[in-house]
There are 2 protein chains.
Amino acid sequence: MTSTTRQLHLNAFVMSNGHHEAAWRHPDVQPSDALTLQHYVRIAQTAERGKLDSIFFADGVALPKNVAFNGHSAFEPLTLLAAIAAVTEHVGLIATASTTYNEPYHLARKFASLDHLSGGRAGWNIVTSAGQDEARNFNLDKRPDHSLRYERASEFLDVATALWDSWADDAVIADQASGVYADSEAISPIDHQGKHFQVRGPLNIRRPVQGYPLLVQAGSSESGKEFAARTAEAVFTAQQTLKEGQGFYRDLKSRLTTYGRSPDDLLVLPGISPIIGRTEAEAKEREAQLNGLINPAYGLAQLSSMLDTDLTHAALDEPLPDVGNATEGNQSRFDLVVGLARRESLTLRQLIERLAGGRGHRVIAGTPTQIADSIEEWFTEGAADGFNIMPPTLPGGLDDFVDLVVPELQRRELFRTEYTGRTLREHYGLPRPADRNSSNDKETAA
Amino acid sequence: MTSTTRQLHLNAFVMSNGHHEAAWRHPDVQPSDALTLQHYVRIAQTAERGKLDSIFFADGVALPKNVAFNGHSAFEPLTLLAAIAAVTEHVGLIATASTTYNEPYHLARKFASLDHLSGGRAGWNIVTSAGQDEARNFNLDKRPDHSLRYERASEFLDVATALWDSWADDAVIADQASGVYADSEAISPIDHQGKHFQVRGPLNIRRPVQGYPLLVQAGSSESGKEFAARTAEAVFTAQQTLKEGQGFYRDLKSRLTTYGRSPDDLLVLPGISPIIGRTEAEAKEREAQLNGLINPAYGLAQLSSMLDTDLTHAALDEPLPDVGNATEGNQSRFDLVVGLARRESLTLRQLIERLAGGRGHRVIAGTPTQIADSIEEWFTEGAADGFNIMPPTLPGGLDDFVDLVVPELQRRELFRTEYTGRTLREHYGLPRPADRNSSNDKETAA
């Protein structure tokens with residue numbers, strides 16, 4: 001890599017047999033693969049072969065509805081990524097975990113563990129768990145209010161970062177001769193007393209290799225965007241059109257100054273599900289083949305869940321009926337889905353097909369050149385710093401992206417040909433957070 | 001393995017640079033190793049080479065006192081064992097996790113994940129977190145009472161096992177042609193409403209390979225022993241003498257019938273820290289070398305913590321002063337330490353040396369034959385079904401055990417020469433729990 005031009009960042013969003021809702025039924029796919037470690041190891045190693053920045057697992061803490069009709073794996077992401085860490089060297093490892101149903105001491109420690117085990121490759125996709133079913137697995141009758149969840153998330157981050165900083169970087173001395181293992185002055189309790197948490201600390205593992213894991217976020221509500229602007233370093237988002245993508249990008253970047261941050265401190269990565277063919281016709285045929293495997297009953301059930309409206313008996317070949325207004329927690333996805341249906345005058349069947357590929361994320365069926373063109377356009381036209389790649393089938397869809405699209409992006413000098421950094425932060429070009437508890441700083445201050 | 005005689009079970013208890021408190025200062029040890037994944041992978045692969053049943057990590061959710069003087073690693077065990085799972089094939093993987101500071105949905109899912117990732121090798125050492133410092137990391141001023149912790153643990157197990165059973169073994173169908181992924185009749189909510197937990201379920205991952213992970217316990221209080229008799233399948237314990245070991249073994253096994261269980265349903269594994277030499281003199285010399293590296297100030301601090309009495313200014317060459325009575329939570333370790341000091345009229349310095357090897361677990365310095373003799377004696381004389389091996393230094397101490405003691409045990413036909421099972425339960429000769437939610441059972445009942 002000799003290019004000094006601005007570089008794309010690519011994350012592989014990994015989900016069971018693939019992102020298309022009928023992926024598990026595709027003849028190239030073996031459904032039982034998604035239940036094995038070997039499947040995910042193969043995918044991670046493919047991502048690494050393609051020099052991708054990272055792989056990522058979404059997560060929820062309840063069984064999704066309609067599992068009867070959809071391939072499913074649900075390994076807990078931190079556990080799965082720790083296993084993957086042992087058999088990969090470069091690729092970043094981003095796990096989703098909820099601030100609503102976890103304790104900061106546990107999560108801070110788990111991410112510190114993953115970061116050390118992987119040599120500095122951990123990332124945390126911070127979610128606040130909007131599902132009602134999730135609340136019912138954690139001693140509640142219903143989910144806490146949106147504002148309360150974000151308030152808790154904010155305090156959770158304060159506690160977690162303080163715990164990561166509770167050991168100075170140079171706290172471990174390990175001098176065998178003198179018998180001094182650690183500098184006890186460089187390990188401090190945090191004595192956090194807040195509305196949601198009371199945590200004494202210090203953490204029982206030293207500061208992560210990266211200082212903090214990479215902090216990722218994906219909420220698109222007002223609170224979500226403010227939370228991202230304050231804390232996140234990468235944001236995953238669903239945007240259907242270049243114009244919408246530009247709007248979101250501008251909006252989010254403009255919020256950073258309020259928090260004393262610069263636009264480069266946060267990367268925006270829209271989702272894209274590339275259906276790749278050697279010719280456009282082949283790509284469209286592959287898309288049609290996948291859509292042909294859709295179970296319409298499942299599509300209606302998913303749509304009902306997205307829009308919080310019972311559409312399970314709606315007529316498939318009629319337009320989307322009146323679905324009222326968004327409810328708390330589904331605003332951005334609601335707007336996206338209803339906007340798409342109205343803008344393009346889609347029937348329910350067509351809408352289901354459009355959503356089947358990426359649940360509202362953008363699907364492009366085309367040649368490697370066409371897909372690279374779209375990536376380049378969004379990247380150069382102010383809609384993206386990189387992309388969240390959502391292969392329609394796995395592992396094949398990622399093989400195709402790495403083998404066919406990545407080389408095209410490399411030819412255009414938009415993407416690395418070798419890893420130049422060692423940590424996930426280095427891949428993303430983001431700084432390592434300074435050590436607020438450094439004993440060196442203390443000496444300087446004294 | 002053609003022998004049909006009763007077989008020993010051996011677990012490697014893995015702790016940073018080794019179990020001797022001065023291990024990290026030993027010239028054979030590199031302290032920074034304990035901070036790397038590679039160290040633990042090497043140890044796990046050594047255990048596997050020795051055909052050991054399992055490896056095990058203890059855990060607490062607070063930084064131990066006196067970390068300034070003692071090597072420390074504190075990877076979170078489930079995260080670390082998931083990484084190890086990816087690079088081992090046979091050895092069981094036992095993680096400690098607390099029922100006091102976790103939610104059952106999270107832990108049930110993580111252990112199910114580890115069990116699937118490892119092909120059925122997960123074990124859970126269930127602890128109730130007696131430390132005051134742990135409470136202060138989880139929104140409390142002090143630890144919940146002993147009885148309340150065990151009450152919660154008991155309900156926690158009810159919830160966790162119900163969650164593991166919330167998918168019948170045969171719930172996943174994955175029929176590509178018909179588009180039926182799972183049998184929704186075979187996946188059921190648990191609707192648990194109890195004093196400590198309200199959990200709807202079902203779990204979001206299918207039933208573990210082993211049904212449940214192997215359930216392990218190590219408490220020695222009355223409540224601890226009752227809890228073990230009701231739920232545990234293997235128990236780790238600290239016993240200094242054959243007579244004490246026999247008493248504990250008899251006591252625990254006799255409690256099983258109350259819960260409708262047989263003595264074979266629970267295995268007792270006392271701890272043993274073997275300091276191995278080619279001659280007895282070499283072993284004693286190695287023990288003296290390790291004891292010579294003890295920091296007496298650290299020993300006094302540790303003893304103060306074990307006995308809940310400030311001994312940091314006590315005279316090292318005088319007998320143990322009056323330390324009053326045990327407090328809630330330290331009874332069994334208190335009795336063991338005070339009993340040892342009084343029985344053998346030890347000075348504080350001698351007591352510290354006796355505890356430095358294994359914090360109250362039995363230390364044997366001797367030849368491979370002597371160590372095998374002691375193992376055989378306890379095994380055949382009704383004090384043990386196997387042993388929790390606590391190498392004084394790591395990785396060297398486990399190398400010695402596997403290379404020198406294991407072959408001797410194999411020659412005596414007390415220990416396997418090859419793995420004959422695939423899962424941890426198979427290694428321990430314990431049954432797979434029946435599937436209480438099986439759709440086959442339903443059909444039979446209907």
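Residue numbering restarts at 1 for every chain, and letters A, B, ... go by the order of the sequence lines.
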field: Most chain A-contacting option - heavy-atom pairs closer than 4.5 Å, from Val61(B), Thr36(B), Val41(B)
entry: Val61(B)

task: Would you mind checking which part of Leu80(A) comes under 4.5 Å of any heavy atom in chain B, side chain (CB onward), backbone (N, CA, C, O), both or neither?
output: both

task: Please look at Ala177(A) and chain B and tell me whether the side chain, the backbone, both or neither of the residue comes under 4.5 angstrom of a heavy atom of that chain.
output: backbone

field: When Phe197(B), Tyr40(B), Tyr105(B) are compared by non-hydrogen pairs under 4.5 Å with chain A, the top option
entry: Tyr105(B)

statement: If one checks every heavy atom of Val87(A) against chain B at 4.5 Å, the contacting part turns out to be side chain

message: As an exercise, state the distance from OH of Tyr181(B) to CG of Asn295(A), rounded to the nearest 0.5 Å.
response: 15.0 Å

message: Could you measure the distance from the CG atom of Leu117(B) to the CG atom of Leu35(A)? Nearest 0.5 Å is fine.
response: 11.0 Å

message: Taking side chain as everything from C-beta outward and backbone as N, CA, C, O, which of these in His192(B) sits under 4.5 Å from a heavy atom of chain A? Side chain, backbone, both or neither.
response: neither

field: Atom group of Tyr101(A) that falls short of 4.5 Å from chain B, counting heavy atoms
entry: both

message: Distance check, rounded to the nearest 0.5 Å: Asp175(A) atom CG versus Trp24(B) atom CH2?
response: 6.5 Å

task: Give, for atom CD of Gln193(A) and atom CG of Asn139(B), the distance between the pair rounded to the nearest 0.5 Å.
output: 9.5 Å

- prompt: At what distance, to the nearest 0.5 angstrom, does CZ of Phe75(A) lie from CG of Asn204(B)?
  reply: 12.0 Å

- prompt: Side chain, backbone, both or neither: which part of Asn66(A) has an atom under 4.5 Å from a heavy atom of chain B?
  reply: neither

- request: Could you tell me which of Ala86(B), Pro104(B), Gly179(B), Ser118(B) has the largest number of non-hydrogen atom pairs under 4.5 Å with chain A?
  value: Gly179(B)

task: Please determine, among Glu103(B), Lys110(B), Gln38(B), His26(B), the option with the most heavy-atom pairs under 4.5 Å with chain A.
output: Lys110(B)

query: Taking Asn70(A), Ile294(A), Leu293(A), Leu114(A) one by one, which has the highest count of heavy-atom pairs under 4.5 Å against chain B?
result: Asn70(A)

Between OG1 on residue Thr79(A) and NE2 on residue His116(B), distance to nearest 0.5 Å: 12.0 Å

task: Return the option, out of Ala174(B), Pro202(B), Ala22(B), with the maximum number of heavy-atom pairs under 4.5 Å with chain A.
output: Ala174(B)

- prompt: What are the two closest non-hydrogen atoms of Ser184(B) and Ala68(A), and how far apart are they?
  reply: CB-CB, 4.0 Å

field: Check: Arg25(B) side chain, Gln176(A) main-chain N or O, donor-acceptor pair, under 3.5 Å
entry: yes

task: Give the member of Ile173(A), Ile84(A), Asn102(A), Leu78(A) that has the highest number of heavy-atom pairs under 4.5 Å with chain B.
output: Asn102(A)

- line: Applying a strict 4.5 Å limit to non-hydrogen atoms, the region of Ile190(A) in contact with chain B is neither

- prompt: So which of Asp133(B), Asp141(B), Val172(B) has the biggest tally of heavy-atom pairs under 4.5 Å with chain A?
  reply: Asp141(B)

- prompt: Between Glu76(B) and Arg109(A), is the closest basic N to carboxylate O distance under 4.0 Å?
  reply: no

query: Is it the backbone or the side chain of Asp59(A) that comes under 4.5 Å from a heavy atom of chain B, or both, or neither?
result: side chain

task: Pick whichever of Pro189(A), Pro27(A), Gly60(A) has the most heavy-atom pairs under 4.5 Å with chain B.
output: Gly60(A)

Partner chain B: residue of Ala74(A), Gly201(A), Ser166(A) with the largest heavy-atom pair count (under 4.5 Å): Ala74(A)

query: What part of Ser178(A) is in contact with chain B, defined as an atom under 4.5 angstrom from a non-hydrogen atom: side chain, backbone, both or neither?
result: backbone

query: Is there side-chain contact between Val67(B) and Trp167(A), with heavy atoms separated by less than 4.5 Å?
result: yes

task: Look only at the side chain of Asn137(A) and the backbone of Val199(B), and say whether a donor-acceptor pair between them is shorter than 3.5 Å.
output: no

